[in-house]
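Heads up, the thing below is written out as structure tokens.
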Amino acid sequence: MVFEKSQRKRKEMKNKQYNNYFKKHYNYTLTHKDVSNYQKWFYPQWKIISRNISLDQTSKILEIGSGTGGFYNVISDRITYKNYMGIELDANAVTFSNNHFKSNVFTCISFENFNTSTKFDYIFAFEVLEHLDNPVSSLQKIHRLLKQDGTFIATTPYPFEKNILADKTHLYVLHPKNWERHFLNVGFTSVKVYPMSFLPFLWRVDKYFNFRIPFYVPLNGMISTCLFIAKK
């Protein structure tokens, strides 16, 4: 009973941490501007991802940490909206996304509490792995939710100290080799790893200015993350 109360209290505290997360941490306005900016920011990553996967109208998709719907906006012309599910802990971001896209495909729930019998062709989690309470059990769950030959696509920051301290909700900022080992240990058959760094602010001007530097840069202001494409 004491353990259950402790777990419940921890979940409540975690949910509270993500109240208005995007407004507080990223200065989002919860307007179309956020969706538009995400497309500029995401452009170089999507170029790599789209070379490795083939989305179509039959693809079943789960996005963990859907934010304000930026990624959904990127792929919405390639998929059937009924085949997409987005889960997100920031309730206001979920409300905005459902209103903005005039849909009901986004749900406010943690991945730990997410249960479904649906199997997915693709599961996406951008800048999410570092926030999970138990990354190994979460990766096991992701593997279980994928169809045979399904693909998990994720990004997570490189473990420079600046990336650990940048966000109080960062729990596991691991080295890419650690993540790769975890992927393989839970049953993924192959993992592609793409180092990437980006110059600050230029992406706000135009997506073509947001070019990928293919290694990790420790300088303050530089954004260094890693893209994984893991096949079941």
Over 60° means perpendicular and under 30° means parallel, so classify the ring planes of F106 and F101, tilted if in between.
tilted
Run E63 and Y84 through side-chain hydrogen bond (donor to acceptor under 3.5 Å, both in side chains) and show every step you take.
CA-CA 8 Å; E63 184 182 6; Y84 170 93; 2.6 Å; yes
Does the side chain of D167 reach to within under 4.5 Å of the side chain of H131, using non-hydrogen atoms?
yes
Nearest-0.5 Å distance, CD of residue E127 to CG of residue L129
9.0 Å
Within-4.5 Å side-chain heavy-atom neighbours: L139 and I142:
yes
Tell me if the aromatic rings of F152 and F228 count as close, with their centers under 6.0 Å from one another.
no
Same cluster or not: are I213 and I223 linked, directly or through other Ile, Leu, Val, Met, Phe, Trp or Tyr residues, by side-chain heavy atoms under 4.5 angstrom apart?
no
Spell out, as yes or no, whether a donor-acceptor pair under 3.5 Å connects the side chain of D34 to the backbone of T31.
yes
Would you call the rings of F96 and H100 parallel, tilted or perpendicular, where under 30° means parallel and over 60° means perpendicular?
parallel
Identified side chain to side chain contact (heavy atoms under 4.5 Å, CB included) partner of I61 from the options I123, N83, I75
I75
Let me confirm one number: the OG-CG distance from S110 to L89, rounded to the nearest 0.5 Å.
5.5 Å
Could you give me the CA-CA distance, side-chain angles and deciding distance for L145 and F114, then say whether side chain to side chain contact (heavy atoms under 4.5 Å, CB included) is met?
CA-CA 11 Å; L145 287 172; F114 175 72; 4.2 Å; yes
Under 3.5 Å: donor-acceptor pair, side chain of Y18, backbone of E88:
no
Check whether any side-chain heavy atom of N52 lies under 4.5 Å from a side-chain heavy atom of K192, and answer yes or no.
yes
In Å, rounded to the nearest 0.5 Å, how long is the span from OG of S50 to CD1 of I153?
11.0 Å
Exam field: side chain T80 to backbone K82, donor-acceptor pair closer than 3.5 Å:
no
How many angstroms lie between NZ in K47 and OH in Y43, if you round to the nearest 0.5 Å?
4.5 Å
Would you kindly check if the NZ (Lys) or CZ (Arg) of K141 is within the cone defined by 45 degrees around the ring axis of F111 and under 6.0 Å from the six-membered ring centre?
yes
May I ask you to decide if R144's main-chain N or O and K119's side chain share a donor-acceptor pair within less than 3.5 Å?
yes
If two hydrophobic side chains count as joined below 4.5 Å and joins carry through other members, does I164 share a cluster with L219?
no
Is the number of heavy atoms from other residues, nucleotides or ligands within 6.0 Å of OH (Y208) greater than 12?
no
Where do T95 and N92 land on the side-chain hydrogen bond (donor to acceptor under 3.5 Å, both in side chains) test, with the steps shown first?
CA-CA 5 Å; T95 299; N92 288 323; 5.2 Å; no
Pair V136, H182 - check side chain to side chain contact (heavy atoms under 4.5 Å, CB included), show working.
CA-CA 7 Å; V136 174; H182 283 316; 3.7 Å; yes
Donor on one side chain, acceptor on other, T156 and E130, under 3.5 Å
yes
Please round to the nearest 0.5 Å and tell me the distance separating atom CG of L174 and atom CD of E180.
13.0 Å
For S66 and G86, which heavy atoms make the closest approach, and how far apart are they?
OG-C, 3.7 Å
Taking P44's backbone N and O only, do any of them form a donor-acceptor pair with N210's side chain (distance below 3.5 Å, no angle check)?
no
Under 3.5 Å donor-acceptor, N73 side chain and G69 backbone:
no
Kindly indicate, with the supporting measurements, whether the criterion side chain to side chain contact (heavy atoms under 4.5 Å, CB included) is fulfilled by N37 and R204.
CA-CA 6 Å; N37 280 344; R204 294 177 183 271; 4.2 Å; yes
Can you check whether I48 reaches M196 side chain to side chain, under 4.5 Å on heavy atoms?
yes
Please find out if less than 6.0 Å separates the ring center of H143 from that of F183.
no
Over 12 non-hydrogen atoms of neighbours within 6.0 angstrom of CD in Q57:
yes
Honestly curious: do M222 and Y194 fall in one hydrophobic cluster under the side-chain, below-4.5 Å linking rule?
no
Between L132 and P135 the two heavy atoms that sit nearest each other are O-CD, 4.1 Å
For the pair N163 and Y216, evaluate side-chain hydrogen bond (donor to acceptor under 3.5 Å, both in side chains) and give the outcome as yes or no after the intermediate values.
CA-CA 12 Å; N163 287 337; Y216 308 109; over 6 Å; no
Between V205 and F211, is there a shared hydrophobic cluster once you connect ILVMFWY residues whose side-chain heavy atoms come closer than 4.5 Å?
yes
Below 6.0 angstrom between ring centroids: does that apply to F42 and F126?
yes
Residues D121, K60: salt bridge by 4.0 Å N-O rule:
no
Can you find a heavy atom in the side chain of T107 that is under 4.5 Å from one in the side chain of V94?
no
Take Y158 and V217 through the side chain to side chain contact (heavy atoms under 4.5 Å, CB included) test and state the conclusion after the steps.
CA-CA 9 Å; Y158 188 82; V217 180; over 6 Å; no
With rounding to the nearest 0.5 angstrom, report the CE to CD1 distance, M85 to I109.
8.5 Å
Within the structure provided, determine whether I64 and F124 are in side-chain contact (heavy-atom separation under 4.5 Å).
no
Could you check whether any side-chain N or O of T68 sits under 3.5 Å from a backbone N or O of L30, counting only pairs where one atom can act as donor and the other as acceptor?
no
Just by modelled atom types, is the I79 backbone N or O under 3.5 Å from a matching donor or acceptor in the S59 side chain?
no
Hydrophobic cluster identity match, Y81 and F71, side-chain contacts under 4.5 Å:
yes
Any idea which heavy atoms bring C108 and D90 closest together, and the distance?
SG-C, 4.4 Å
Are F198 and W41 an aromatic pair, judged by ring center distance below 6.0 Å?
yes
For the residue pair S197 and S224, what are the closest heavy atoms and their distance?
OG-OG, 2.7 Å
Note, K232 side chain near T151 side chain (heavy atom, < 4.5 Å):
no
Can you say whether the rings of Y28 and F22 are parallel (under 30°), tilted (30 to 60°) or perpendicular (over 60°)?
tilted
With a 4.5 Å cut-off on side-chain heavy atoms, are C226 and P176 touching?
yes
Do S36 side-chain atoms and K33 backbone N/O form a donor-acceptor pair below 3.5 Å?
no
